[in-house]
There are 2 protein chains.
Amino acid sequence: MTYVDQYIDKLRKSGLRPTKQRIKICEVLFNAEKTFHFTIKELVKIIENQANIKVSLATVYNTVHAFIKKGYLKEIPLNASQSYYDTNVTHHHHFFDEEENKLIDINQEDVDDINIKRTIPGKKIRSVEFIAKIVSDNQSQK
Amino acid sequence: MTYVDQYIDKLRKSGLRPTKQRIKICEVLFNAEKTFHFTIKELVKIIENQANIKVSLATVYNTVHAFIKKGYLKEIPLNASQSYYDTNVTHHHHFFDEEENKLIDINQEDVDDINIKRTIPGKKIRSVEFIAKIVSDNQSQK
DNA sequence: TCAATACTTTAGAATTAATATAATGTATTA
DNA sequence: TAATACATTATATTAATTCTAAAGTATTGA
């Protein structure tokens, strides 16, 4: 099974036809050595730089949202003017470097289980994810 | 020291002159029996309902942001099309009810300390806050 | 107290991310 | 391969937020 076949499979499972544009989007998203974080605008730029295929914003939005719905991408709960997405769909957390405006993954195994001693009647927890905000540690200032 | 004096103090400490509009905003935000979550639009509506003072969106935005900068309000890191704010500025967490689109506070004492077994060189953690997404617990479906 | 000054308020305009639209194009199907 | 259904795109729209500039108000110092 080639990479492209995998992309086609992902697209079909997301209810999307495999088109030139969508396969290109998959190449950028799922062929990366590492997982990464991105905004829609950034994704469009990467595609423009890597290929001579033109992809409209609307297509990228639609495809990204279909992948999120299917669980192939995740939205990062960061209160920002634009949405951030993550190719790492495992249950994990984030550092957010407030000085560099950068997100860094924290894998679940790097965190002890979070124990919430409180419940809401009739409700169950579906997921727990945190953002740890980090800043420069200038010890000299202490 | 009257309530209004406290509002004037908060405003001055935030670098703002105490005006009619801003004192009204303070009354809504800081006179509540309980802490609460709000969007800018909701805050404008509450003010309209409680007083015959007219306050423009711009004034509310400016004042809320000055209070956040000073630490009198907090922004809730929820990835939504509008920003959510919190009058509870203690270190705490949230349930987010995905069905009702509602936030519920989780006090720090209701959560065991979060232990992150990983550090970023030269950086220190400033805060750790999580969102626990909750949904209906239909046990019959199991 | 009272002008001069500096900051505020406001309506409306501008900006920006995100979504909708509808005409043209392409994958699928039988 | 033709008919159909779905995609793509440029453009328009929407909605939250920010900006602007004119008119208003708090502050300051004489």
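In what follows, every chain begins at residue 1, and chains take the letters A, B, ... in the order their sequences are listed. In this text the structure is predicted, and so the values were computed from the model without any measurement. As a basis for the values below, the full set of heavy atoms in this structure was taken, side chains included, without hydrogen atoms, waters or symmetry mates.
Looking at heavy atoms from C-beta onward, Asn88(A) lies out of side-chain contact with Lys74(A) at the 4.5 angstrom threshold. At a threshold of 4.5 Å between non-hydrogen side-chain atoms, the residues Val28(A) and Phe36(A) count as touching. You'll find the side chain of Leu43(B) stays beyond 4.5 Å of the side chain of Tyr85(B), heavy atoms only.
When rounded to the nearest whole Å, the span between CG of Leu11(A) and P of dA7(D) equals 10 Å. Atom P of nucleotide dA16(D) and atom CG of Leu78(B) are separated by 15 Å, given to the nearest angstrom.
For the pair Glu27(B) and Lys24(B), the salt-bridge criterion is met [side-chain N within less than 4.0 Å of a carboxylate O].
Among residues at least two apart or in separate chains, side chain to side chain donor-acceptor pair (under 3.5 Å) pairs with a member in residues 10-19 of chain A are Asp9(A)-Lys13(A).
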Checklist entry - Just by protein heavy atoms under 4.0 Å, how would nucleotides 9-23 of chain C read 5' to 3' in B, S and -? => result SBB-----SBBB---

